[in-house]
> 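Would you mind keeping the following structure in view while I ask a few things?
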There are 2 protein chains.
Amino acid sequence: MRENTREAILSAARRTAQARGYGGLNFRDLAADVGIKSASIHYHFASKADLGVAVVKRYREDATIALEAISDEMPDPLSCLQRYTDIFRAVLQNDNRMCMNNFMSAEYSDLPDVVKTEIEAFIDVNVAWIARQLSAASIVPIENSEKRARAVFSAIAGAQLLARGRSDISFYDSAISELRDAGILPSGGD
Amino acid sequence: MRENTREAILSAARRTAQARGYGGLNFRDLAADVGIKSASIHYHFASKADLGVAVVKRYREDATIALEAISDEMPDPLSCLQRYTDIFRAVLQNDNRMCMNNFMSAEYSDLPDVVKTEIEAFIDVNVAWIARQLSAASIVPIENSEKRARAVFSAIAGAQLLARGRSDISFYDSAISELRDAGILPSGGD
DNA sequence: ACCTGAACACCGTTCAAGT
DNA sequence: ACCTGAACACCGTTCAAGT
């Protein structure tokens, strides 16, 4: 027995979802990755929607843990934000992948409602964490931090999306450095 | 005879591509929209890739003309940029649609090469136009205007993408207003 | 010149059947 | 408990056939 087939499906699906989105997920390739037949996936996930929910939910949980780990380890919120943009960069470098949210926000109208809900929760986690760093760094008063965090998150997401659309990571670097120059992202940190 | 079947296909395809992307385009629905059979589309466009190229090419041409019209009519570059963000907002209001580039940058790895090339040309048109407004407004010295324009374009795109992912246009408004507060977008204009 | 039905290999899904 | 083959309606595509 290979540990846990369900987990193997989940992790293969997650990897695909960050490379080609929800629409890019297909049961036959996924099954081949895991070493079972397409029909067998339905034993673990009744429908593609169920698989999608599980993938995004796990993605959100992992992100939540990872972000908490960063802000726990690093006392300096400016360093935390620096690390944050580095993560988006690393994903691009990993075979031109993206944050799953960039795919799913684009695929919004084709997404099952349950998947939409999970994606919104993922966005909330990110925006809340960014808002905390921004107010901790006294960049923005706390009552404006949520609003600013939304702009920061979407600007980073947009930079990642466009860099992918050009297949050019320097587009990302350049956009992020401009955001810092403009002061929408702090330029401190290590 | 209904004017021009090829044009009817193109415009139906464009509308769909702004709602569901390249992957969301399908010959049977498209044919039904136009009032012919699926196989007949291949007479006008040999393959889906050919259709995709034609759609993006037309989209880029239309955008080029529209942007020139704006900067020709409006002497004030700040007003031009205000109009620019208004266009992205209007697209969102039109049934939660998006700039075609937001879909296609996400779908990048599934796009035929010829479509990728067209999308890159579309991005170039937008970035160049934004750069011109930024330097005309003396917001950025001309040698930095291209770099800044890339950041502006991707930030607007990201705001549109996230607003769609939340199905919440106020997300867009809020992000754009933060970009203005931060000075990455000018706050002047009418 | 323009359109069509029928066929192909591909998708998600279902289900009866295996172990 | 977990997996499978076969079938279904759906996709883009091809092609011989219509007008």
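First the proteins, then the strands, lettered A, B, ... as listed; each starts at 1.
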> Starting from C1' on D/dT4, measure out to CD1 on A/I36 and report it in whole angstrom.
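Rounded to the whole Å, the gap is 11 Å.
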> Can any side-chain N or O of A/S109 pair as donor or acceptor with the backbone N or O of B/A19 at less than 3.5 Å?
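Confirmed, A/S109 side chain pairs with B/A19 backbone.
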> Here's a test of your reading of the structure: between A/R28 and A/H44, which maps to the more 5' nucleotide of DNA chain D?
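The residue mapped nearer the 5' terminus is A/H44.
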> Does any nucleotide pair with C/dC15 by Watson-Crick or G-U wobble geometry, both distances under 3.5 Å, and what is it?
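Answer to the pairing question: D/dG5, which forms a Watson-Crick or G-U pair with C/dC15.
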> What is the separation between atom NE2 on A/H42 and atom P on D/dG5, rounded to the nearest whole Å?
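Atom-to-atom, A/H42 to D/dG5, this comes out as 14 Å.
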> Distance check needed: D/dC8 C1' versus A/F27 CZ, whole Å only.
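Nearest whole value for this atom pair: 16 Å.
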> Over all heavy atoms of both residues, which pair between B/S177 and A/K147 is shortest? Give the atoms and the distance, please.
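Reported closest heavy-atom pair: OG-NZ, 2.7 Å.
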> Check every atom of D/dG12, C/dT4, D/dT4 against the side chain of A/S40 and return the nucleotide holding the closest atom.
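Nearest to the side chain of A/S40 among the choices is D/dT4.
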> Ring-plane angle category for A/F153 and A/Y84, please: parallel below 30°, perpendicular beyond 60°, tilted otherwise.
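It falls in the tilted class, 30° to 60°.
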> Between atom CD1 in A/I41 and atom P in C/dG12, what is the gap in whole Å?
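About 8 Å, once rounded to whole Å.
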> Looking at residues 18-26 of chain B, who's got a heavy atom less than 4.0 Å off DNA chain C?
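Those residues whose heavy atoms fall under 4.0 Å from DNA chain C, taken from residues 18-26 of chain B, amount to none.
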> Nearest to the side chain of B/A39, which nucleotide is it out of D/dT4, C/dT13, C/dT4?
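Ranking D/dT4, C/dT13, C/dT4 by closest atom to the B/A39 side chain puts C/dT4 first.
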> Does B/T64 have any side chain to side chain donor-acceptor pair (under 3.5 Å) partners at least two apart in sequence or in another chain, and if so, which?
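Residues passing side chain to side chain donor-acceptor pair (under 3.5 Å) with B/T64: none at all.
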> Please check: side-chain N/O of B/E178 versus main-chain N/O of A/A151, any donor-acceptor pairing under 3.5 Å?
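Flag not set: sc B/E178 to bb A/A151 has no pair under 3.5 Å.
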> Between atom OH in A/Y43 and atom P in D/dG5, what is the gap in whole Å?
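From A/Y43 OH to D/dG5 P: 18 Å.
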> Quick check: B/F122 with B/Y59 (ring centres under 6.0 Å apart)?
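Aromatic pair counts; centres sit under 6.0 Å.
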